[in-house]
Amino acid sequence: MTGAADIAVRVENLAKLYRIGARLDNRTFRETITDTLTLRRRRNDAERDLWALRDVSFEVKRGEAVGIIGQNGAGKSTLLKILSRITEPTRGRVEVRGRVSSLLEVGTGFHPELTGRENIALNGAILGMTRAEIRHRFDDIVAFAEVERFIDTPVKYYSSGMYMRLAFAVAAHLEPEILVVDEVLAVGDAAFQSKCLRKMNDVASHGRTVLFVSHNMPAVKSLCQTAVWLRNGEVVDRGPSDAIVTRYLQHSSSRAGREGAAALIASLPPDPQFRLDAIRLMQRGDEITNALNGEPLEIEIEFEVFTTTLGLHVYFQLLDLEETVIFESIHNGSRDEAPRVEAGRWLARATIPADFLAARPYQLLVFAGVADVRALLPEPIRLTFDVQQSGIVNRAFPGYQTPGKIAPLLQWDVTRRER
Amino acid sequence: MTQSPDSVLVIEPSPAWRPVDLGEVWRYRELLFFFVWRDVKVRYKQTVLGVAWAVIQPLFAMLIFAFFFGRIARLPSDGMPYPLFTYAGLLPWTFFANAVNAGSQSLIGSAHLVSKVYFPRILVPIAAVSTGLVDFFFALIMLVPLLVWQDVTPFPRALIGIPVAIAVTYILGFGISCWLSALVVRFRDLRHVIPFVVQIWMFATPIVYPLSLVPEKWRAAVGLNPMVSVVEAFRGSIFGRPLPWSGLLYALIVGVVLIVTGSIYFRRLERSFADVM
């Protein structure tokens with residue numbers, strides 16, 4: 001048994017309700033006045049309740065680093081927002097013992113017109129540092145960000161790399177007892193990401209309590225001792241991060257197969273504008289469950305559009321099992337102006353060429369949306385499939401396991417040069 | 001953030017109606033300072049004219065009004081030089097108008113912060129209104145050469161009149177901003193209406209004309225506008241007129257009522273700001 005004092009964060013029966021489609025700003029002042037006068041109660045057709053969190057309870061011990069994992073829409077971000085006090089729970093409570101800092105993005109409140117020096121002060125204050133603390137750590141922050149020469153230049157003249165380094169440097173020099181972090185590591189180049197991960201590792205290994213929400217499973221395994229797995233707003237499981245991550249990956253690949261995706265499509269709530277009918281993986285004219293990489297792979301998406309819509313698009317992302325996006329492709333993305341999609345039934349087919357995918361499992365995430373307006377699916381449809389080797393193998397020796405997320409067969413021109 | 005290491009922070013659904021936690025606002029005073037500092041800095045950096053901008057706004061309004069209303073329409077000015085008469089009226093008014101306009105848009109303008117980090121949300125309209133105070137001081141300094149130019153020696157009464165009038169303006173501006181900043185989040189179409197209403201409000205306030213121009217029977221109705229006494233007090237004190245204490249007291253009461261009710265309304269909507277922004 002652990003005493004109450006050893007618990008840094010206690011989450012009890014936490015629940016959060018969102019009213020989808022009833023966003024308050026959908027009602028104008030004029031409508032409210034007229035509705036009140038005519039005693040009318042307006043209810044949006046698309047309005048429905050969504051429990052982002054249902055009944056979440058867990059405890060985090062002092063000094064423990066916990067990864068929070070789950071698919072998009074599982075409630076991870078909502079949990080983080082409640083822990084950061086950005087939004088309130090609908091029910092339940094959280095007890096937090098110790099100084100908390102939450103980092104939902106780096107560079108919150110950075111102003112492009114202000115200099116690096118001024119932004120450090122401002123961002124530090126926004127993240128909860130006192131002026132004395134900012135003064136005290138100023139030199140360390142500048143050194144970590146490697147921006148000494150530009151410290152009195154407005155950050156609008158910074159390269160994106162410098163900007164990110166400075167933003168992360170301020171966040172990295174917070175010294176909270178409890179750190180709540182979102183996937184801020186998903187930005188920047190690989191070198192920057194690994195720098196961030198190292199810093200996170202420092203934080204976690206210095207006895208600080210860390211709650212880390214991520215899709216990056218290797219990072220969760222290496223940073224966190226334990227993990228909490230959320231699905232549909234509920235805790236599925238919690239325990240040592242290795243075991244939980246493995247179970248999570250197994251589960252998400254088995255459930256999101258062909259039948260799983262079809263069931264999900266069938267259960268989509270009706271939308272006045274759009275209906276997704278089917279997603280199929282096709283090879284040689286047949287629908288398949290697992291693909292061969294020696295053949296072109298066709299991704300077919302069938303949908304119906306009820307009203308002609310400007311900027312409607314259907315797209316997919318190809319991911320590996322660790323949720324790394326390998327690429328994204330949009331059904332009408334290769335144009336300059338926003339495309340107009342006429343009402344009617346449509347079949348969109350994308351072809352991934354032969355000798356392109358590696359022999360490994362992949363996930364296909366299908367999305368639909370109206371650009372800058374809204375998503376047309378409550379969550380992306382996930383389809384997991386395996387790819388087997390069938391084409392030409394580019395290998396060093398028989399039995400060699402090719403590394404990499406994809407294995408495109410490239411044209412090699414090899415010519416002997418005369419000496 | 002703010003709690004001491006051993007204290008326990010409890011996060012749970014809050015009651016719908018609750019007052020502003022003044023202690024918390026006080027603990028976050030440094031952040032408030034930074035918000036004002038940022039806005040002032042950015043404002044004066046972004047414009048070529050810098051600080052002059054704060055002066056140009058009322059100064060140009062004065063020139064235009066002096067020409068059209070003073071010269072052409074020949075509006076009376078209670079025996080004061082017309083340009084000075086308008087400028088002295090425009091000073092508290094510009095502060096008030098900027099406070100209402102900036103304050104009402106402030107929360108929407110801070111959506112990126114509100115959805116990413118916690119702090120008492122009421123700091124946002126406080127900062128917006130306070131930033132206008134800085135502009136006001138620059139514009140006030142400009143009053144000095146104008147007084148010299150028009151050969152007017154302000155009465156010592158102005159030393160009381162100006163601070164009192166500005167304090168009341170601040171309270172009114174903040175009270176209105178509490179209401180409007182929250183209402184604008186909820187009803188987005190309001191933001192387009194506010195500058196227009198403020199513009200009309202200016203002409204309902206004796207700035208380009210003296211209160212004495214208003215017929216006696218309408219005086220009481222016009223006096224319902226709390227800015228009337230504020231402008232009269234500010235301007236009158238410079239020219240040695242007695243301060244309209246009862247009118248100021250009325251404006252103060254209106255302001256305090258707006259702050260109390262507005263901040264409670266603000267707190268009620270505050271719980272959902274992050275969800276609807």
Hey, does [Y] have a side-chain heavy atom less than 4.5 Å from the side chain of [X]?
X      : Y      : answer
A:I82  : B:I11  : yes
B:L113 : A:I126 : yes
A:S84  : B:V117 : no
B:L9   : A:R85  : yes

Scan for side-chain hydrogen bond (donor to acceptor under 3.5 Å, both in side chains) pairs involving residues 256-266 of chain B, sequence neighbours excluded, and state none if there are none.
B:W179-B:T261
What pairs of residues pass the side-chain hydrogen bond (donor to acceptor under 3.5 Å, both in side chains) test when at least one of them lies in residues 30-41 of chain B, not counting sequence neighbours?
A:E118-B:K41
Which atoms of [X] approach chain B - backbone, side chain, both or neither, heavy atom under 4.5 Å:
X      : value
A:K16  : side chain
A:T108 : both
A:P89  : both
A:T115 : both

Taking every heavy atom of A:G92 against every heavy atom of B:P13, the minimum-distance pair comes out as O-CD, 3.2 Å
Shortest non-hydrogen contact from A:T87 toward B:R271
OG1-O, 4.4 Å
How about [atom1] on [X], more than 12 heavy atoms from neighbouring residues, nucleotides or ligands closer than 6.0 Å, or not?
X      : atom1 : value
B:W17  : CH2   : yes
A:R91  : CZ    : no
B:F196 : CZ    : no

So, taking the atom named [atom1] in [X] and the one named [atom2] in [Y], what distance separates them when rounded to the nearest 0.5 Å?
X      : Y      : atom1 : atom2 : value
A:I86  : B:Y118 : CD1   : OH    : 11.0 Å
A:R131 : B:F33  : CZ    : CZ    : 4.5 Å
A:E88  : B:E12  : CD    : CD    : 9.5 Å
B:R43  : A:E113 : CZ    : CD    : 13.0 Å

